[in-house]
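Below: one structure, written as structure tokens.
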Amino acid sequence: MARLRKNAQRNSRNDTPANRQWTQRFLISLVAATFLCGADMAFGQEGRFYVGTTGALELLDASYAKTTDNTDPRNISPQRGRVYHDRDSDTEAGSGFGVLAGYRRLIGRSGLYLSGELDVTLHGGSVRGRQDGVGESEGRNQYGENWPDGWAFEKDWSYGFTLKLGVNSALLRNWVGSDTSVYALAGVRRLRTRMRTDYTGCPFATESCPPAEFVSGADAWTEHLIGWTGGVGLEKMLGENLALRGELRYLEYENHSWLSLPDAGKIRVPAEMDSDEVNLSLGLVWHF
């Protein structure tokens with residue numbers, strides 16, 4: 001049974017549409033960055049490369065949803081014709097540390113600028129929970145019921161491309177001081193995650209299983225998710241080249257779905273994990 005679950009999860013990950021389109025989207029982003037670096041006549045100003053490091057406080061929210069569907073005509077369990085839904089979610093704080101490289105170009109003499117930035121980030125922290133289960137029995141873990149499941153979602157590392165549109169002009173000096181800019185940002189990321197579920201229940205289509213006949217198991221796997229981000233930032237020059245920056249971002253990742261229990265088609269157990277986060281980061285940037 002555990003082997004069937006793992007095979008179903010592996011197949012669903014390989015078929016994720018967003019993963020199949022990732023290379024195309026990332027290449028489009030790199031083309032945009034190339035255009036940014038080469039559009040001398042459009043912007044009329046020289047640009048500057050920069051590198052930096054960032055540290056972030058990340059507030060990650062994840063939810064695990066599972067449905068047990070007994071509507072297949074071949075189903076012979078006492079739960080035949082019934083559909084059970086269950087969902088659990090949690091929010092936890094985590095951390096991130098990354099390195100970045102980018103290119104900034106002024107837009108005319110208005111004080112506006114456009115930046116293209118690539119970064120790689122290592123993450124720490126995870127979200128965990130447990131579904132109570134749904135069914136008619138006391139433990140909700142008979143054949144055909146929605147068994148109680150433990151689950152975990154952990155961020156590993158990510159990389160991405162971000163575009164930033166900012167302004168550094170006399171209009172801002174009364175608000176944030178000289179040598180300070182504010183900007184809006186939007187980008188795309190690819191996140192490597194670790195997921196885990198565990199279960200205990202009856203695998204036999206009988207009226208009632210005693211606990212001695214229950215089976216237990218756990219499935220763990222890695223998954224790459226595409227995420228889209230938007231936010232705002234502020235950058236303060238500390239000298240001719242060194243700058244301190246702070247950013248507030250919101251990220252929404254694609255949902256990951258799989259078939260938890262193929263079981264020859266008699267019972268369908270589709271499951272889904274979805275996540276998003278808010279993070280606040282501080283970084284040091286060196287402009288060349």
Side-chain angles (χ1 to χ4, degrees), residues 26 28-59 93-125 155 157-191 227-252 277-288:
F26 196 72
I28 292 173
S29 298
L30 289 179
V31 169
T34 303
F35 174 79
L36 174 66
C37 294
D40 292 345
M41 295 186 64
F43 294 137
Q45 298 285 341
E46 293 185 359
R48 301 180 70 180
F49 288 97
Y50 62 88
V51 296
T53 62
T54 61
L57 175 65
E58 304 170 343
L59 191 63
S95 60
F97 175 79
V99 294
L100 60 91
Y103 184 80
R104 174 183 295 182
R105 180 167 291 280
L106 297 176
I107 303 175
R109 301 181 180 278
S110 62
L112 290 173
Y113 64 84
L114 185 64
S115 298
E117 184 176 298
L118 294 168
D119 75 276
V120 178
T121 302
L122 299 177
H123 304 280
K155 295 173 63 179
W157 64 278
S158 67
Y159 64 94
F161 176 75
T162 307
L163 285 174
K164 302 180 179 183
L165 179 63
V167 60
N168 182 4
S169 70
L171 296 176
L172 294 174
R173 290 173 184 171
N174 294 332
W175 299 348
V176 294
S178 60
D179 297 323
T180 303
S181 65
V182 295
Y183 53 87
L185 61 89
V188 59
R189 303 197 65 76
R190 194 180 195 200
L191 169 69
W228 299 95
T229 179
V232 294
L234 183 146
E235 183 173 296
K236 170 70 174 179
M237 297 301 298
L238 302 179
E240 184 178 351
N241 300 101
L242 184 64
L244 176 67
R245 75 161 51 159
E247 293 182 351
L248 179 65
R249 298 190 181 205
Y250 172 76
L251 296 99
E252 183 171 357
E277 72 171 83
V278 175
N279 73 51
L280 178 64
S281 66
L282 288 176
L284 286 175
V285 176
W286 183 266
H287 293 270
F288 294 100

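Quick note: numbers below take in every heavy atom, side chains included, and nothing from hydrogens, waters or symmetry partners.
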- N-O pairing of E117 and R245 below 4.0 Å: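 Answer for the salt bridge query: yes.
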
- Query: Is it true that R104 and E235 have a side-chain N and a carboxylate O under 4.0 angstrom from each other?
  - Reply: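 Between E235 and R104 there is a salt bridge, with a charged N closer than 4.0 Å to a carboxylate O.
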
- Item | Residue pair S281, N279: steps toward the side chain to side chain donor-acceptor pair (under 3.5 Å) verdict | CA-CA 6 Å; S281 66; N279 73 51; 4.7 Å; no

Give a yes or no answer on whether the side chain of [X] reaches the backbone of [Y] with a donor-acceptor pair at less than 3.5 Å.
X	Y	result
T229	A186	no
R105	L114	no
N241	H287	yes

Would you compute the distance between atom [atom1] of [X] and atom [atom2] of [Y] and round it to the nearest 0.5 angstrom?
X	Y	atom1	atom2	result
W286	L242	CH2	CG	6.0 Å
D119	R189	CG	CZ	4.0 Å
L280	E58	CG	CD	10.5 Å
T53	L100	OG1	CG	7.5 Å
S181	L234	OG	CG	6.5 Å
L282	T54	CG	OG1	9.5 Å

What are the two closest heavy atoms between [X] and [Y], and how far apart are they?
X	Y	value
S115	Y50	CB-OH, 3.7 Å
R48	E240	NH2-O, 3.8 Å
H123	S158	NE2-OG, 2.8 Å
Y113	Y183	OH-CD2, 3.3 Å

